[in-house]
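Please read all numbers here as calculations on a predicted model, not as lab measurements.
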Amino acid sequence: MINTRSGDRLTFDEVKQDLLKDHIRVQESNKELISKSSSVYKSRLQQAILANRYDDAEELEKNLKYTLSDIVSKEFIEEHMPIIKVSTKILLNVMDNNEHIVVVSDYDVDGVTSGAILYYMLHDLFKYDNVEYIINRRDYGNGINKTITSKLINYDKEKKIGLLITSDAGSHDEESYKLLKQETDMKIIVTDHHLFSEDEFPHHADALVNPQRSDNDFKYITGTHVAYYTILHAYLTRHPVLTKEAEDLIYYKLLYVGMSTISDCMDLKRYINRKVVKYMLTELNRKDAKHDPFWEYIIKNISDGYLITETTLSYNVISMLNSPGRVSDPRISFELLTADNITIAEQFHNDIKTINDNRKAKQNKALTTKNKTEYTDGVIKVMLIDDINGVQGIVANNVMYEDGYKAVIVFSKITIGDKTVYIGSGRSQDDNINLKAVLDKVNEKSDSIISYGGHEKAVGIKIKDDLKKFYLDLKSEIDKCDVRQIEFYDVEDYIFSVKKIITSMADIDSLAPYGIGFPQPKFAGDFHITSYRIYDRKGFYLSMKVTVGTNETAIMSAFYPVKGNEVEEVSNNLKYYKDIRMVFTLDVNTYKAFNRIQINVDKLIFKKDEQ
């Protein structure tokens, strides 16, 4: 092996020792997991990528064993969510009697998409149209709140409701169900995926279909996925032998489940999520696929020569769909998702684009304002910013990733009656910080929290108007978490030739998708910089000449994001030091679309003694 920095011929062990000097570590893969991976994947890199992302053999074996057809079977659903048999019995009985169904969905992407899934599967599979859809609004509050409960009671007097189905909401609303049962005769099926305690169990609901139940076998699916399974199981019970049309529809609607899996930051290490997201991306990029008006319009407007990836969807579709629920009327997103034709889809998309542009302006103002209060210890950050209600989560996400915090919660001040409260959203990027569990502990020991909900990586919260007290309470609990500080940059391999870059990209592509729980593989390599330019003061585009040994040369580009205050320092270093060591990921999409090598850099290391 040639060291591309010095030109010396080194063994791989010598290269690894050299990397350690720069705090870069080639991961040592678990031999048992390598052996499991080798039953399906033949390249050493493929085996290492899989082995390095699983803690034990059981979950890896499930990923290798289960197929997409397995996870949409009646037997699979019953095995992992036994309560589903109760909801199926209720649902089929209501439809047999042609009773009126009301669906109440949450206002974020997962909520609106779960409502769309219920619409599609009731309408297209069951051909059942005696259904009303209510999309909750942010200003009503979460779940089946007092406003929604009052609407349901009044609506029942006008048109008797046979069944209420919640989607992506409702696990914490026992008091509302108790009142609904007192005032009406409706049945209640709660479909949700949010964490809840046994004390919160909604006993007055006729069925709680939630993977967080103690009698369920998996915990890491979205509200849309739960809604999908609820209707699918009922249909498979009624129609054990599927027509080709029904089977195609059942598979196709997984595209919406896949989108919600990305939007709600679900763990892509879990086999059930991997299968769905991989299928979704395959279908979206298949040239001969026929699509619903929503997807047809989206593909037409965002592909731009590139393949559609989980990242494409996150930045160009999911953030857009999320905007109406945060700052306007979420019904607009529901109408886009369920549009009858591409013309209607375009109209709703244009409406949402206007809303999203306003949301971006609000977000950018929040990120640049000096009128804010914040507390941080370098690991977590808590912020209060005026007039940003609706974009707290987006701002938290930006601050967390751009400034490198492990968890961030952003609040906005609102007045309810004569009281001032802070409403916020939080995000975590550390596997050892389960935000929902941390808030559970804070709530047990402190009176600073009014209400909260969410899951491991994302929470919504309302607190009293004492930000410092909440921060100290939060910090006290997070200090007990085993927060990982970066001592070493772990990489899958050392890149020592252009050929290896190409073959590595093929292996990486074969194991997509990547995301939460299943991160992009990182590599180390040594490069010669021929030129660079600063991009929007947020990073550098680098043009690199790679020389290996005496005769292999290639030109590639790289993007290195930096904080604003680091631009001058990095720029000065690049003027003087052209041979540079990097930790990076490979941009497979750019290579597949344009046959151009591009890398995304995590770390640049300059060495004065090598000039």
Side-chain angles (χ1 to χ4, degrees), residues 68-69 71-74 76-78 81 83-96 98-106 109-135 162-170 187 189-193 207 209-211 221-261 272 275-276 279-280 283 290-295 333-340:
L68 191 67
S69 60
I71 67 174
V72 295
S73 70
K74 179 172 177 284
F76 178 90
I77 300 169
E78 288 178 355
M81 301 181 77
I83 188 63
I84 207 96
K85 289 183 280 188
V86 176
S87 65
T88 285
K89 185 176 180 180
I90 296 168
L91 184 59
L92 292 178
N93 185 62
V94 165
M95 287 192 287
D96 286 344
N98 195 32
E99 296 180 62
H100 192 55
I101 298 174
V102 173
V103 172
V104 177
S105 299
D106 200 12
V109 175
D110 189 24
V112 174
T113 308
S114 64
I117 272 288
L118 290 170
Y119 166 84
Y120 275 125
M121 298 187 77
L122 289 170
H123 180 271
D124 295 351
L125 267 182
F126 276 105
K127 313 299 182 186
Y128 195 82
D129 292 325
N130 191 8
V131 187
E132 180 80 16
Y133 294 87
I134 298 174
I135 312 298
L163 174 63
L164 165 66
I165 305 177
T166 76
S167 59
D168 191 39
K187 297 290 186 181
I189 296 175
V190 176
T191 74
D192 192 12
H193 73 126
V209 187
N210 186 327
I221 63 174
T222 63
T224 302
H225 208 148
V226 176
Y228 174 85
Y229 272 161
T230 301
I231 307 301
L232 175 60
H233 183 268
Y235 190 81
L236 294 174
T237 300
R238 180 58 53 86
H239 302 278
V241 179
L242 295 175
T243 65
K244 179 67 164 58
E245 179 186 5
E247 184 177 34
D248 288 347
L249 187 70
I250 285 167
Y251 277 94
Y252 186 75
K253 296 313 173 188
L254 285 170
L255 271 62
Y256 295 89
V257 178
M259 181 173 68
S260 74
T261 300
I272 191 169
K275 302 300 178 186
V276 171
Y279 173 77
M280 173 193 66
E283 286 299 298
K290 293 183 178 180
H291 290 287
D292 290 341
F294 166 73
W295 285 118
S333 293
F334 178 82
E335 296 294 349
L336 171 59
L337 288 166
T338 58
D340 289 333

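- For Lys244, the salt bridge (Lys or Arg N to Asp or Glu O under 4.0 Å) partners two or more places apart in sequence, or in a different chain, are Asp248.
- The only option from Thr166, Ile84, Asp192 that meets the side chain to side chain contact (heavy atoms under 4.5 Å, CB included) definition with Val209 turns out to be Ile84.
- Of the options His100, Glu99, Met95, a side chain to side chain contact (heavy atoms under 4.5 Å, CB included) to Asn130 is made by His100 and by none of the others.
- Using a 3.5 Å distance cut-off with no hydrogens or angles, the side chains of Ser105 and Ser167 do pair a donor with an acceptor.
- Between Tyr252 and His291, the two ring planes are tilted [angle within 30° to 60°].
- Every residue meeting the ring pair (Phe, Tyr, Trp, His ring centres under 6.0 Å) condition with Tyr119, not counting sequence neighbours, appears here in chain and number order: His123, Tyr133.
- Side chain of His193 to main chain of Ile221: a donor-acceptor pair is present (N/O by atom type, distance under 3.5 Å, no hydrogens or angles).
- In this structure the side chain of Tyr256 never reaches within 4.5 angstrom of the side chain of Thr222, judged on heavy atoms.
- Under the rule for a side chain to side chain donor-acceptor pair (under 3.5 Å), the partners of Glu283 that lie at least two apart in sequence or sit in another chain are Arg286.
- With rounding to the nearest 0.5 Å, the separation of CG in Leu118 from CD1 in Ile165 is 6.0 Å.
- Shown here are the ring pair (Phe, Tyr, Trp, His ring centres under 6.0 Å) partners of His233, two or more places apart in sequence or in another chain: there are none.
- Between Tyr128 and Asn98, some side-chain heavy-atom pair lies under the 4.5 Å cut-off.
- Looking at heavy atoms from C-beta onward, Leu255 lies in side-chain contact with Tyr279 at the 4.5 angstrom threshold.
- At least one side-chain heavy atom of Val72 sits under 4.5 Å from a side-chain heavy atom of Leu232.
- A donor-acceptor contact shorter than 3.5 Å is absent between the side chain of Asp106 and the backbone of Ala169.
- For Lys275, the salt bridge (Lys or Arg N to Asp or Glu O under 4.0 Å) criterion is met by no residue, not counting sequence neighbours.
- Residue pairs meeting the salt bridge (Lys or Arg N to Asp or Glu O under 4.0 Å) criterion with at least one member in residues 121-132, sequence neighbours excluded, do not occur.
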